[in-house]
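Just so you know, ligand 1 is whichever comes first in the structure, and atom 1 is the first atom listed for that ligand.
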Amino acid sequence: MLDETIISKAIIETYMKKLIDVLNSDVAIAGAGPSGLTAGYYLKKHNPTLKVILFERKLSIGGGMWGGGMMMNEIVVQEEGREILDEFDINNKKFEDGYYTADSIEAITTLASQAVKTGLRIFNTISVEDVIIESDRVNGVVINWTPSVDTGLHVDPLAIRANFLIDATGHPSEIAHIIERKGKKLLTNTGKIIGEGAMFADKAESVIIENSKEVFPNLWVCGMAANAVFGGPRMGPIFGGMLLSGKSVAEKILQKIG
Ligand code: 48H
């Protein structure tokens, strides 16, 4: 005979253990779109001893990749992006020289599955609403349940320490905005968020790698947030840059960790 209270206890105890285990982490990632998931995967793949956590505001991970282009659930990647799809064993087809397509559902589910299997801890329905700043460096994240944030309940958050934080929140580049709102100077040309440019796929996909970098001490950006912060253009539904940007920020942080 199944006991409902044992089911409840199993969930509460196991979840709390998971959360307590990440209170002091090496890297925290905000946002489980394609770039955040890829960053988490490569961090854990190359250094399995790192404690890497990812907080996703929504119930589902995947960000803007589910919908492909205008809800047609296919994504396009270029040659370099295809190499990453191959690494994840995501089926892709050549459309024309230099253009490959993949099913966006397969892409996200496979990416997430492989990232989780490396040991990346993903917590969904949790929003990063603030950061810990000590000695003018980011030292962690301030988190809250998304339903509390969305309904405006006056509920104080909890905090998690992390040596590195990655803003993978997409177009809104939310974490960089949080820092800017505190009057802090960012590591851009102007010291402020520059904002994303109009669509220019070719340029967007090349500058995003350079833009995937530290934007404030210990805060790094990847994916669409990287172009939004450093003034790169948008690229539409070509996703190679998101995957490459996640990989690039992971490699740069791994280099810094040494
Ligand atoms: C926790 C948060 C918070 C928060 C947001 O938008 P995404 O898919 O981001 P990327 O950069 O990996 O991919 C961008 C791509 O989807 C895209 O939009 C492209 C290529 N656009 C080109 C164009 O021209 O339009 O995912 C971001 C994720 C989402 O799941 C959010 O829910 C989540 O971050 N998120 N999670 N705390 N404060 N803010």
Side-chain angles (χ1 to χ4, degrees), residues 28-42 53-71 73-78 81 84 102 104 107-108 111-112 115 121-131 138 140-150 157-158 160 162 165-179 181 195-205 207-209 211-212 215 219-230 232-250:
I29 303 170
S35 69
L37 289 171
T38 308
Y41 167 85
Y42 279 105
I53 45 166
L54 192 162
F55 293 104
E56 166 54 49
R57 153 175 297 161
K58 295 190 177 151
L59 197 50
S60 64
I61 47 88
M65 209 190 217
W66 294 115
M70 227 178 87
M71 289 195 211
N73 63 3
E74 285 288 321
I75 56 162
V76 173
V77 298
Q78 62 283 61
I84 298 194
S104 67
I108 275 298
L111 194 57
R121 283 280 169 84
I122 302 181
F123 292 87
N124 57 343
T125 60
I126 293 184
S127 294
V128 175
E129 66 163 49
D130 207 342
V131 293
V138 169
V141 285
V142 176
I143 54 167
N144 216 330
W145 299 117
T146 301
S148 301
V149 177
D150 285 357
L158 294 177
I160 306 268
L165 172 59
I166 302 177
D167 183 346
T169 62
H171 293 270
S173 44
E174 288 198 17
I175 315 303
H177 275 89
I178 289 170
I179 307 274
R181 279 199 298 275
E196 79 186 38
M199 196 180 291
F200 183 175
D202 193 60
K203 182 162 183 218
E205 290 284 285
V207 298
I208 199 165
I209 307 303
N211 290 340
S212 304
V215 64
L219 174 68
W220 298 64
V221 275
C222 73
M224 202 55 229
N227 274 7
V229 167
F230 286 102
R234 65 188 299 186
M235 69 293 289
I238 180 155
F239 280 83
M242 298 304 120
L243 307 175
L244 292 158
S245 164
K247 182 177 182 188
S248 169
V249 89

| note | Nearest heavy-atom contact between Ser173 and Val229 is CB-CG2, 3.7 Å
| request: Please tell me if the side chains of Met65 and Ile75 come closer than 4.5 Å, counting only heavy atoms from C-beta onward. | output: yes
| message | For atom 10 (P) of ligand 1, tell me which residue out of Ser35, Gly240, Cys222 has the closest non-hydrogen atom. | response | Ser35
| message | Can you name the atoms of ligand 1, numbered from 1 with element, that are less than 4.0 Å from a heavy atom of Lys58? | response | 32 (O)
| request: For Ser245 and Ser35, run side chain to side chain donor-acceptor pair (under 3.5 Å): C-alpha distance rounded to whole Å, both residues' side-chain angles, the deciding distance at 0.1 Å, then the answer. | output: CA-CA 6 Å; Ser245 164; Ser35 69; 5.5 Å; no
| remark: ligand 1 to Ile126, heavy atom cutoff 4.0 Å, flagged ligand atoms 1 (C)
| For ligand 1, which atoms sit closer than 4.0 Å to a heavy atom of Arg234? | 23 (C), 24 (O), 25 (O)
| Closest non-hydrogen atom pair, Pro237 against Gly69 | CB-CA, 3.7 Å
| request: Would you kindly specify which portion of Ile61 sits under 4.0 Å from ligand 1, judged on non-hydrogen atoms: side chain, backbone, both or neither? | output: neither
| task | Among all protein heavy atoms, pick out the one at the shortest distance from atom 15 (C) of ligand 1; state its residue, atom name and that distance to 0.1 Å. | result | Phe239 CE2, 3.7 Å
| field | Thr169 side chain vs Ala30 backbone, donor-acceptor pair below 3.5 Å | value | no
| request: Heavy-atom contacts with Gly63 under 4.0 Å: which atoms of ligand 1 show up? List them by number with element. | output: 8 (O), 26 (O), 29 (C), 30 (O)
| atom 27 (C) of ligand 1 - nearest protein heavy atom and its distance | Ala168 O, 3.4 Å
| said: Working to the nearest 0.5 angstrom, can you tell me the gap between Ile84 CD1 and Met242 CE? | reply: 11.5 Å
| query | How does Pro237 reach ligand 1, if at all, at less than 4.0 Å between non-hydrogen atoms: by side chain, backbone, both, or neither? | reply | neither
| query | Less than 3.5 Å between some nitrogen or oxygen of Ser127 and one of ligand 1, yes or no? | reply | no
| note | When distances are taken from atom 26 (O) of ligand 1, the protein heavy atom at minimum range is Gly33 CA, 3.4 Å
| No-hydrogen, no-angle side-chain donor-acceptor test under 3.5 Å, Ser212 and Ser248 | no
| message | Show, in sequence, the C-alpha distance, side-chain angles and deciding distance for Phe239 and Ser104, and conclude whether the side chain to side chain contact (heavy atoms under 4.5 Å, CB included) test is met. | response | CA-CA 10 Å; Phe239 280 83; Ser104 67; over 6 Å; no
| For ligand 1, is there an N or O atom under 3.5 Å from any N or O atom of Val128? | yes
| remark: Under 4.0 Å from one or more heavy atoms of Gly31, ligand 1 contributes atoms 28 (C), 33 (C), 34 (O), 36 (N)
| query | For ligand 1, which atoms, with element, lie under 4.0 Å from some heavy atom of Pro34? | reply | 8 (O), 12 (O), 13 (O)
| said: Tell me if a side-chain donor or acceptor on Trp220 pairs with a main-chain N or O of Ala168 at a distance below 3.5 Å. | reply: no
| field | Shortest protein contact, atom 9 (O) of ligand 1 (heavy atom only) | value | Gly170 CA, 3.5 Å
| task | Mind running side chain to side chain contact (heavy atoms under 4.5 Å, CB included) on Lys203 and Met235 for me, showing each step along the way? | result | CA-CA 8 Å; Lys203 182 162 183 218; Met235 69 293 289; over 6 Å; no
| Taking the side chain from Asp167 and the backbone from Ile175, do they hold a donor-acceptor pair closer than 3.5 Å? | yes
| What part of Met235 sits under 4.0 Å from ligand 1 if we count only heavy atoms: the side chain, the backbone, both or neither? | both
| said: Run the side chain to side chain contact (heavy atoms under 4.5 Å, CB included) test on Val221 and Phe230 for me, step by step, so that the C-alpha distance in whole Å, both residues' side-chain angles and the decisive distance to 0.1 Å come before the verdict. | reply: CA-CA 9 Å; Val221 275; Phe230 286 102; 3.7 Å; yes
| query | Which residue supplies the protein heavy atom nearest to atom 13 (O) of ligand 1, what is that atom called, and how far is it? | reply | Met242 SD, 3.4 Å
| request: Please report the C-alpha distance between Phe123 and Ile53 in whole Å, then the side-chain angles of each, then the deciding distance to 0.1 Å, and finally whether the side chain to side chain contact (heavy atoms under 4.5 Å, CB included) criterion is met. | output: CA-CA 8 Å; Phe123 292 87; Ile53 45 166; 4.1 Å; yes
| query | Would a 4.5 Å heavy-atom cut-off, applied to side chains only, mark Ile126 and Asn144 as touching? | reply | no
| query | Can you tell me which residue and heavy atom of the protein come closest to atom 28 (C) of ligand 1, and the distance to 0.1 Å? | reply | Glu56 OE1, 3.6 Å
| field | Shortest protein heavy-atom distance from atom 18 (O) of ligand 1, along with the residue and atom involved | value | His171 NE2, 3.2 Å
| request: Write out the residue and atom name of the closest protein heavy atom to atom 3 (C) of ligand 1, then the distance separating them to 0.1 Å. | output: Thr169 CG2, 3.6 Å
| message | If you measure every N or O of Met224 against every N or O of ligand 1, does any of those distances drop under 3.5 Å? | response | yes
| note | ligand 1 to Gly223, heavy atom cutoff 4.0 Å, flagged ligand atoms 11 (O)
| query | Side chain or backbone of Glu174 under 4.0 Å from ligand 1, or both, or neither, by non-hydrogen atoms? | reply | side chain
| query | Counting both backbone and side chain atoms, is some N or O of Ser60 under 3.5 Å from an N or O of ligand 1? | reply | no
| Measuring from Ser127:OG to Trp145:CH2, what's the distance to the nearest 0.5 Å? | 11.0 Å
| request: Consider every N or O of Gly236 and every N or O of ligand 1, then say whether any pair is closer than 3.5 Å. | output: yes
| said: Between ligand 1 and Gly64, is the shortest N or O to N or O distance under 3.5 Å? | reply: yes
